Amino acid sequence: MAEDLSIVQGDKTAQYQSIIPQIKALTDGEPDLVANLANTVAALKEQFNWFWVGFYLVKKDELVLGPFQGPVACTRIKKGRGVCGSSWAQAATLIVPDVEKFPGHIACSSLSKSEIVLPIIRHGEVIGVLDVDSEHLSHFDETDQQYLEEIISGLNFED
Ligand code: SME
């Protein structure tokens, strides 16, 4: 496909339903993981203009920063630390309406106010997380969870 995106206005469901097939078209048939993660976060950033969106990948006993869009961020996060490390430890999606109320939240930027972190699970193991930050409180809900899980499940981590 041509490497330009169609960006839509409207509610978040309409936005996800527009961007998901475009992410699929960008990543299907491309085996390179970094290229696919990079285009996925770039497409999400263009559609939603979130403050920060990116991947952390499990390497040995830490999460290590992967492709992202937004301000520079913490490079390494231990299991169980912060929202990302907690999502990894619990193998569960965490929706945090107010990051200041999350014990141990890692503030890469004081501008981030709410956050959603989804684990990427393959063969029963968490191999990374997708982290999205907003500068608005209570920005993420189950609609984001549902569609972001769909995006994650479509990514090929087997290369
Ligand atoms: N806030 C995250 C750290 C990653 S940055 O937000 C990009 C956390 O508490 O795990």
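Whatever order the structure lists them in is the order used to number ligands and atoms, beginning at 1. Predicted model only: the values in this text are computed from it and were never measured. Side chains included, hydrogens not; waters and symmetry mates left out as well; all remaining heavy atoms used. One-based numbering along the sequence shown.
At least one heavy atom of Tyr56 sits under 4.0 Å from some atom of ligand 1.
Close approach of ligand 1 to His105 (heavy-atom distance below 4.0 Å) involves ligand atoms 1 (N), 9 (O). Residue contact check: Gly82 has heavy atoms under 4.0 Å from atoms 9 (O), 10 (O) of ligand 1. When each atom of ligand 1 is checked for a heavy atom of Trp52 under 4.0 Å away, the hits are 7 (C).
Side-chain contact between Ile77 and Trp88: absent, with no pair of heavy atoms (C-beta onward) separated by less than 4.5 Å. You'll find the side chain of Asp131 reaches within 4.5 Å of the side chain of Glu115, heavy atoms only. Taking the side chain as every heavy atom from C-beta outward, Val64 and Leu57 never approach each other to under 4.5 Å.
Here atom 10 (O) of ligand 1 lies nearest to Cys84 when heavy atoms of Cys84, Ser112, Ala73 are compared.
When only modelled atom types and interatomic distance are considered, Tyr16 and Gln47 share no side-chain donor-acceptor pair under 3.5 Å. Under the 3.5 Å distance criterion, with hydrogens and angles disregarded, no donor-acceptor pair is assigned to the side chains of Gln146 and Glu142.
Across every non-hydrogen atom of Leu118 and Ser87, the tightest pair is C-OG, 3.9 Å. Closest non-hydrogen pair, Phe51 versus Glu135, comes out as CB-OE1, 3.5 Å.
In terms of polar-atom proximity, Glu115 is counted as a contact of ligand 1, with an N or O under 3.5 Å from an N or O of the ligand. Inclusion of Cys74 in the set of residues having an N or O under 3.5 Å from an N or O of ligand 1 is not warranted.
Here the heavy atom of the protein found nearest to atom 8 (C) of ligand 1 is Val83 N, 3.3 Å. If you check which protein heavy atom lies closest to atom 6 (O) of ligand 1, you get Asp133 OD2, 2.8 Å. For atom 4 (C) of ligand 1, the closest heavy atom belonging to the protein is Asp131 OD2, 3.3 Å. Distance from atom 1 (N) of ligand 1 to its nearest protein heavy atom, with residue and atom name: Ile106 O, 2.7 Å. Atom 5 (S) of ligand 1 has its closest protein heavy atom at Cys108 SG, 3.1 Å.
Checking side-chain atoms of Lys45 against main-chain N and O of Trp52 turns up no donor-acceptor pair under 3.5 Å. Although no hydrogens or angles enter the test, the distance criterion places no donor-acceptor pair under 3.5 Å between the side chain of Asn39 and the main chain of Ala42.
Within the 4.0 Å heavy-atom criterion, neither part of Phe102 lies near ligand 1.
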